Amino acid sequence: MRDGMKHSDIAAPLLRWYDAHARVLPWRVSPAERAAGVMPDPYRVWMSEIMLQQTTVAAVKSYFERFTALWPCVTDLANAEDDEVMGEWAGLGYYARARNLLKCARVIRDSYDGHFPQTRAELQSLPGIGPYTSAAIASIAFNQPETVVDGNVERVVSRLFRIETPLPGAKPELTKLAETLTPQDRAGDYAQAMMDLGATICTPKSPDCAPCPLTDSCAAHVVGDAARFPHKTPKKPKPTRHGHAYVARTTRGEWVLEKRPDKGLLGGMLGWPGTHWAQEHATEAPFNAEWDELGDVRHTFTHFHLVLTVHVAEGVTNPPDHYTLREENAFRPSDLPTVMRKAFDLAHAKLEI
DNA sequence: CAATCGTGGGC
DNA sequence: TGCCCAAGATT
């Protein structure tokens, strides 16, 4: 059965299911619209795919609406200021995506006459567009029969074939198998159908196999152990790091901030002056002021926990000039990455008391 | 290739 | 509560 799996075994019932159950999403063209010849805007497909990298649909929606309202086409985005784009991205995480988003938009403006290339190879040469996203744009925006392999597809395919190899090592094997299932027609609908199936039916913990259109072809369902797949290699434990953040306001009511370097954690984002984050270290304020220690903020990043001790000072007169000063009415806490906003919330509550 | 890079929600 | 997870890319 596994060796004899044909395109039609998967694609036909999956597309039939998708025609009836496709999710309605702001960046998506429905299967009915596609059937009528409507194609999505490649700019919106690209924008959504970048935002959706390792990020939930629920978290992306409002960001997508805001970005496309502020910058309706790729040239508008390319012409935007870096700081404005980074500020709008604040809170969504993985900030290299925002820096690459701007880089990519400017390449499209300067080298592609404002139009996205249509081949997977050209797409993948652009900043922030890797193997998954190139296939997603080629298939969804241009109906090319490229195979998308994201976390959903890995899970669906690992169950269809009961792949025992653990991820991420199984990725090449899963990719090869996924390619054998991809139909020549309706490439965009098929890619989105696979991901919808993974997101709504073939879910990680307790797959809802009863309404699944692929049970007849699913090896794991036959055995009854779909929830055991995909296998994964165990993760390393997260260490805890400690640091200090210093939230200060000048006599004129300006907040004292710093722009973080483009590389590394929270790269290119606004933040509070502070110490290095390490296992242990001594407290050392970035400049002289009447610092008041408020307490700790806890935050978990991808590979470590952080305990950040927050200090505040008011009436600061002479902060070193490499800091960025923001007047009260020019400062939006929403421009800060979440860990920095947590520190601000703690400090702000204290200062307003 | 293993490490790095955020955040919020669900269980 | 702590861990898992989400439409990955880059180095």
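The model shown is predicted, which means the values in this text are computed figures rather than measured ones. Lettering of chains follows the sequences in order, A, B, ..., and the numbering in each one begins at 1.
Without hydrogens or angle criteria, A:T233 side chain to A:L167 main chain gives a donor-acceptor distance under 3.5 Å. Using a distance-only test at 3.5 Å, with no hydrogens or angles considered, no donor-acceptor pair links the side chain of A:K61 to the main chain of A:L25.
Between the C1' atom of C:dC3 and the NE2 atom of A:H305 lies a distance of 9 Å, rounded to the nearest Å. Counting to the nearest Å, the C1' atom of C:dA6 and the CZ atom of A:R97 are 10 Å from each other. Put simply, CG on A:L167 is 13 Å from C1' on C:dC5, counting in whole angstrom units. Whole-Å rounding puts the A:K235 NZ to B:dA2 P distance at 15 Å. Atom CG in A:N152 sits roughly 12 Å away from atom C1' in C:dG8 (whole-Å rounding). Residue A:F304 contributes atom CZ, which lies 16 Å from atom P of C:dC3 at whole-angstrom precision. When rounded to the nearest whole Å, the span between CZ of A:R298 and P of C:dG2 equals 9 Å. A straight line from NZ of A:K238 to P of B:dC5 spans 13 Å, rounded to a whole angstrom.
Taking a 4.0 Å limit (strictly below) on heavy-atom distances, residues 15-35 of chain A does not reach DNA chain B anywhere.
Side-chain atoms of A:T55 come within donor-acceptor range of the base of B:dG6, with a qualifying N/O pair under 3.5 Å. Interface remark: the A:Y94 side chain does form a donor-acceptor pair with the B:dG6 base, using a distance-only criterion of under 3.5 Å.
C:dA7 sits 15 Å from B:dC11 when the P atoms are compared, rounded to a whole Å.
Among B:dG6, B:dA3, C:dC5, the nucleotide with an atom closest to any side-chain atom of A:K232 is C:dC5. Of the candidate nucleotides C:dA6, C:dA9, B:dG6, C:dA9 has the atom nearest to the side chain of A:P131. Proximity note for A:Q53 (side chain, C-beta onward) versus C:dG8, C:dC3, C:dA7: the nearest is C:dG8. In this structure, the nucleotide among C:dC3, B:dT7, C:dA7 sitting nearest to the side chain of A:F301 is B:dT7. The side chain of A:M195 approaches C:dA7 more closely than any other nucleotide in the set B:dA3, B:dC5, C:dA7. Relative to the side chain of A:H303, the nucleotides B:dC5, C:dC5, C:dA7 differ in distance, and B:dC5 lies closest.
Of the options A:Y63, A:F67, A:F64, A:Y94, a ring pair (Phe, Tyr, Trp, His ring centres under 6.0 Å) to A:W89 is made by A:F67 and by none of the others.
Taking the six-membered ring where tryptophan is involved, the planes of A:W291 and A:H311 are perpendicular, since the angle between them exceeds 60° and thus also 30°. Relative ring orientation between A:W46 and A:F116 is described as tilted, the plane-to-plane angle lying within the 30° to 60° band.
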Give me the distances for all protein-to-nucleotides 8-11 of chain B N/O pairs that come in under 3.5 Å?
unit_1	atom_1	unit_2	atom_2	d
B:dG8	OP1	A:T338	OG1	3.4

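Considering only heavy atoms from C-beta on, A:L92 comes within 4.5 Å of A:M51 through its side chain.
Here A:R44 does not pair with A:D41 in a salt bridge; the nearest charged N to carboxylate O distance is not below 4.0 Å. Taking 4.0 Å as the cut-off between side-chain N and carboxylate O, A:R332 and A:E88 count as a salt-bridged pair.
Counting non-hydrogen atoms under 4.0 angstrom, A:L92 reaches a base of the nucleic acid. Within the nucleic acid shown, A:T133 comes within 4.0 Å of sugar-phosphate atoms alone, with no base atom in reach, counting heavy atoms only.
Criterion: ILVMFWY side-chain heavy atoms under 4.5 Å apart, direct or through other members. Under it, A:V256 and A:L336 are not part of a common hydrophobic cluster.
Put simply, A:Q54 has no side-chain N or O that comes within less than 4.0 Å of OP1 or OP2 on C:dA6.
Comparing A:P168 and A:G267, the nucleotide of DNA chain B nearest to each residue sits closer to the 5' end for A:P168. Heavy-atom nearest nucleotides on DNA chain C were determined for A:G128 and for A:A136, and the one closer to the 5' end corresponds to A:A136. Both A:I129 and A:S48 lie near DNA chain C, and the one whose nearest nucleotide falls closer to the 5' end is A:S48.
With a 6.0 Å radius and a threshold of 12 heavy atoms from other residues, nucleotides or ligands, A:R252 has its CZ atom at or below the threshold. Counting non-hydrogen atoms of neighbouring residues, nucleotides and ligands closer than 6.0 angstrom, the CG atom of A:D185 reaches no more than 12 such neighbours.
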